[in-house]
Amino acid sequence: MLKRVVVTGLGPVSSIGLGKDTFWKNVKEGKGYFRNVDFPDIDIEQYKSRICSPIEDFSLSDYIERPKKLRRAGRATQFTIVGTYLALKDAGFTLQPMLRDNGEGSGTYFTAEIDSLRCGVIIGQSMDNADIMLPSHIRFFKHRGPKKMNPITLPQSNSNVGASTAAEWFSFKGTNLTIATACSSATHAIGMAALNIQHGI
């Protein structure tokens, strides 16, 4: 018999709002936020449309202890970590800081109520950390090679960096993968997670 699958926690990180309560309040009030956008040091004159709905007033330190550990992570990865944190808290889990041998917090967490070996991360993400990749590509072509590129470019722009960072940050040791199917990525990720739970994977 297949196991029952339920959603126990939500953690939206959106231009409409951060966190379930703020997000739903703004949805019901019909609030949206769209504007013309510019990127520092990047020429976007060739783009006909510059309209987007950015996530603003976002700060890791509002949610995460020792946010400096994520200072090299791309913005999409930071969104993933905060979304995971909010969803776990909304589900009623107690996040306890991992301690080093000297008793100080490492910045990462574990959840005493779950078996970390049976808890995984499946993320739907159609693009990687563009804020890291684009400047690196510009440097590559400007300097005709990789000599001036930041060494974090590759590890912070691979397609599974959000899922792997979330697993590391919250001590999840089960299934870990990213599904990239364009606009349907999130829906496919939810479906895949449901199948994993149903079959006890």
TODO: Working to the nearest 0.5 Å, report the span between CG of Asn176 and SG of Cys119.
DONE: 10.5 Å

Task: Least distance between heavy atoms, Tyr109 atom then Ser171 atom - done: O-OG, 2.7 Å

Open item on the list: Quick one: does any side-chain atom of Gln78 pair with a main-chain N or O of Ala73 as donor and acceptor, under 3.5 Å?
Closed with: yes

- [ ] Apply side-chain contact (heavy atoms from CB on, under 4.5 Å) to Thr94 and Gln96, showing your working.
- [x] CA-CA 6 Å; Thr94 303; Gln96 302 181 18; 4.1 Å; yes

Open item on the list: Ignoring hydrogens, what is the shortest heavy-atom contact between Phe23 and Pro12? Give both atom names and the distance.
Closed with: CB-CG, 3.8 Å

TODO: Return yes if a side-chain donor-acceptor contact under 3.5 Å exists between Thr181 and Ser184, otherwise no.
DONE: yes

Task: Step-by-step side-chain contact (heavy atoms from CB on, under 4.5 Å) determination, Phe170 to Thr111 - done: CA-CA 7 Å; Phe170 298 101; Thr111 307; 5.7 Å; no

TODO: Might you work through the salt bridge (charged side-chain N to carboxylate O under 4.0 Å, His left out) test for Glu56 and Arg35, ending with a clear yes or no?
DONE: CA-CA 12 Å; Glu56 297 192 327; Arg35 67 172 175 83; 2.5 Å; yes

Task: Spacing of CG belonging to Leu117 relative to CZ belonging to Phe172, to within rounding of 0.5 Å - done: 12.0 Å

Task: Non-hydrogen atoms of Ile16 and Lys31 that approach each other most closely - done: CG2-O, 4.0 Å

TODO: Indicate yes or no for a side-chain donor-acceptor contact from Asp90 to the backbone of Leu86 under 3.5 Å, with no hydrogens or angles considered.
DONE: no

Task: Same apolar cluster: Phe79 and Leu70, side chain cutoff 4.5 Å - done: yes

Open item on the list: Let me confirm one number: the OG1-CG distance from Thr178 to Asn160, rounded to the nearest 0.5 Å.
Closed with: 3.5 Å

- [ ] Identify the heavy atoms of Ala166 and Thr80 that sit nearest to each other, and give their distance.
- [x] CB-CG2, 4.3 Å

Open item on the list: As an exercise, state the distance from OG1 of Thr84 to CH2 of Trp169, rounded to the nearest 0.5 Å.
Closed with: 12.0 Å

Open item on the list: Is it the case that atom CZ in Arg75 sees more than 12 heavy atoms from other parts of the structure closer than 6.0 Å?
Closed with: yes

Open item on the list: Quick check: is Leu10 connected to Ile55 through a chain of hydrophobic side chains (ILVMFWY, heavy atoms under 4.5 Å apart)?
Closed with: no

Open item on the list: Please determine whether residues Leu88 and Ile190 belong to a single hydrophobic cluster, defined as Ile, Leu, Val, Met, Phe, Trp and Tyr linked transitively by side-chain heavy-atom distances below 4.5 Å.
Closed with: no

Task: Sub-4.5 Å side-chain heavy-atom contact between Lys173 and Ser116 - done: yes

TODO: Would you sort out whether Lys69 and Thr108 count as a side-chain contact (heavy atoms from CB on, under 4.5 Å), showing the intermediate values?
DONE: CA-CA 9 Å; Lys69 284 197 67 176; Thr108 57; 4.1 Å; yes

Open item on the list: As an exercise, state the distance from CD1 of Ile123 to OG1 of Thr77, rounded to the nearest 0.5 Å.
Closed with: 8.0 Å

Task: Smallest separation among heavy atoms of Ile197 and Arg4, with atom names - done: CG2-O, 4.2 Å

TODO: To the nearest 0.5 Å, tell me how far Leu18 CG sits from Asp57 CG.
DONE: 8.5 Å

TODO: Please work out which of the three classes, parallel, tilted or perpendicular, describes the rings of Tyr63 and Tyr85, given edges at 30° and 60°.
DONE: perpendicular

TODO: Verify side-chain contact (heavy atoms from CB on, under 4.5 Å) between Thr175 and Val121, making sure each step is shown before the conclusion.
DONE: CA-CA 6 Å; Thr175 300; Val121 181; over 6 Å; no

TODO: Kindly give the heavy-atom pair with the smallest separation between Ser126 and Ala182, and that separation in Å.
DONE: CB-O, 3.5 Å

